[in-house]
Protein chains: 2
Amino acid sequence: MASTTPFRSGTRLAEIRHTPAQVRVITAAFGLFAEYGVAGTSLQMIADAMGVTKAAVYHQFKTKDEIVIATADHELVTLEAAVENAEAAPSRVEARRVLLLQLVDFSVRNRAQVRAWQGDPAMMRVLAKHEPFSGLTKRMFALLADDDSDTDWSIPAAMLAAAITAVGQPALAALDPEVLRQRVFHYACRLLDLHD
Amino acid sequence: MASTTPFRSGTRLAEIRHTPAQVRVITAAFGLFAEYGVAGTSLQMIADAMGVTKAAVYHQFKTKDEIVIATADHELVTLEAAVENAEAAPSRVEARRVLLLQLVDFSVRNRAQVRAWQGDPAMMRVLAKHEPFSGLTKRMFALLADDDSDTDWSIPAAMLAAAITAVGQPALAALDPEVLRQRVFHYACRLLDLHD
DNA sequence: GTCTATAATGTGATAGAC
DNA sequence: GTCTATCACATTATAGAC
């Protein structure tokens with residue numbers, strides 16, 4: 001039976017079990033969400049992309065919202081690992097550096113998906129009610145704002161998050177990933193007044 | 001620089017005639033687009049927000065895409081004015097400064113709308129095929145990149161555009177507009193290595 | 001300009017056969 | 001797990017009355 005789960009501070013680990021069939025739905029759905037938005041993606045489009053019928057998709061997830069949450073959880077695993085790496089850093093300055101590097105790396109590797117992920121109202125509506133997401137956001141914010149000064153970090157943090165996801169813009173699609181990684185990291189450091 | 005401005009080749013002025021009834025549709029639609037996204041907003045929702053029926057909305061615009069384009073044009077008038085003000089500046093440094101100030105001011109005044117405007121895939125799909133928008137984007141980019149160095153401005157320009165629209169994030173909703181304006185401008189200048 | 005009525009299609013979702 | 005078939009409802013869109 002389910003005894004008291006060893007989750008630390010209410011934040012559940014995003015290590016959720018998904019069957020291979022569910023992962024296929026998640027992969028197809030996430031790509032379509034990035035291209036057409038959550039509201040602009042129908043179950044029929046997901047089924048067509050997988051080469052199956054709507055009912056087959058419904059056998060894996062009971063509702064469309066469950067698919068949205070599952071795609072989010074699937075990505076949150078990577079973000080959670082990045083945050084945990086940063087939290088394990090020896091100093092606060094180093095922790096910020098590690099977090100930034102990993103956020104940039106994560107965004108560059110996903111590009112368009114990351115941009116849609118934070119821009120879509122329908123996606124944000126479900127993520128706002130999703131504890132693992134809000135918990136991760138708080139931990140990231142704490143890492144960024146944890147310094148001696150009495151600066152209000154809410155504005156630069158919000159601008160940083162938005163600026164990093166700019167890697168998904170069509171105008172930058174042709175750029176080499178390594179160049180993009182380095183230069184986005186450089187400008188992100190400048191935004192936060194860090195040395196890179 | 002201001003003397004050589006007869007360059008309106010193909011770029012139509014966004015002074016498009018809209019009847020009062022059409023403006024009422026545009027206003028209602030744009031608010032809903034910001035909250036639910038374009039794909040997540042139905043004609044029924046627009047009609048309900050206006051207190052009329054669907055057919056009354058259809059009488060003003062033949063298709064949903066026409067409503068999307070009309071809302072864009074309605075906002076582009078303000079952006080166009082900002083670009084023209086910047087282009088009329090006496091120097092390149094001053095032109096950039098004027099453009100930045102007006103972009104920030106415009107974004108703060110609209111907040112959530114601006115964020116949805118550039119984040120929604122459905123909105124971007126119609127704007128990409130819309131010449132007045134791509135023309136304005138090119139003129140803004142030219143103002144930002146117009147300097148002596150051989151720097152590639154595509155990355156910081158994309159990050160800047162995204163960072164400015166961060167003013168629409170829910171976490172910053174409670175902040176005083178004037179504070180938001182000043183601090184976003186400050187960080188935007190830092191991103192571009194300008195003095196503010 | 002706004003209404004009622006309706007067409008044609010797409011939507012999320014369910015039931016039951018294989 | 002996937003399929004066919006179907007449901008109730010919402011969607012874009014049209015036609016014609018007031």
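Scope of the values below: all heavy atoms of this structure, side chains included, with no hydrogens, waters or symmetry mates. Quick note on labels: first sequence line is chain A, next is B, and so on, each numbered from 1. As the structure is a prediction and not an experimental result, all values here were calculated from the model.
Atom NZ of B:Lys54 and atom C1' of C:dT6 are 10 Å apart (whole Å).
B:Tyr58 pairs by the ring-ring contact (aromatic ring centres under 6.0 Å, His included) definition with nothing, not counting sequence neighbours. With sequence neighbours left out, B:Leu144 forms a side-chain contact (heavy atoms from CB on, under 4.5 Å) with B:Arg96, B:Leu99, B:Ala157, B:Leu160, B:Leu192. Residues passing the side-chain contact (heavy atoms from CB on, under 4.5 Å) test with A:Ala171, sequence neighbours excluded: none. Annotation: side-chain contact (heavy atoms from CB on, under 4.5 Å) contacts of B:Val98 (sequence neighbours excluded): B:Asn85, B:Ala86, B:Glu94, B:Gln102.
A nucleotide of DNA chain D counts as in contact with chain A when one of its atoms lies under 4.0 Å from a heavy atom; the first and last such, 5' to 3', are D:dG1 to D:dT4.
Sorted by first and then second residue, the pairs that involve residues 78-125 of chain A and meet ring-ring contact (aromatic ring centres under 6.0 Å, His included), not counting sequence neighbours, are A:Trp117-A:Phe133. Each salt bridge (Lys or Arg N to Asp or Glu O under 4.0 Å) pair with one or both residues in residues 22-42 of chain B, not counting sequence neighbours, would appear here, but there are none. A salt bridge (Lys or Arg N to Asp or Glu O under 4.0 Å) check over residues 172-192 of chain A, counting only residues at least two apart or in different chains, returns the pairs A:Asp105-A:Arg181, A:Glu178-A:Arg181, A:Arg183-B:Asp152, A:Arg190-B:Asp193. Sorted pairs that involve residues 60-72 of chain B and meet salt bridge (Lys or Arg N to Asp or Glu O under 4.0 Å), not counting sequence neighbours, are lacking altogether.
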Could you pull out all donor-acceptor pairs under 3.5 Å where a side-chain atom in residues 45-55 of chain B meets a protein atom, sequence neighbours excluded?
residue : atom : partner : partner atom : Å
B:Asp48 : OD1  : B:Gln44 : NE2          : 3.0

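For DNA chain D, the neighbouring residues in residues 24-45 of chain A, judged by any heavy atom under 4.0 Å, are A:Arg24. Contacts between residues 63-71 of chain A and DNA chain C, defined by a heavy-atom separation under 4.0 Å, are made by A:Thr63, A:Lys64.
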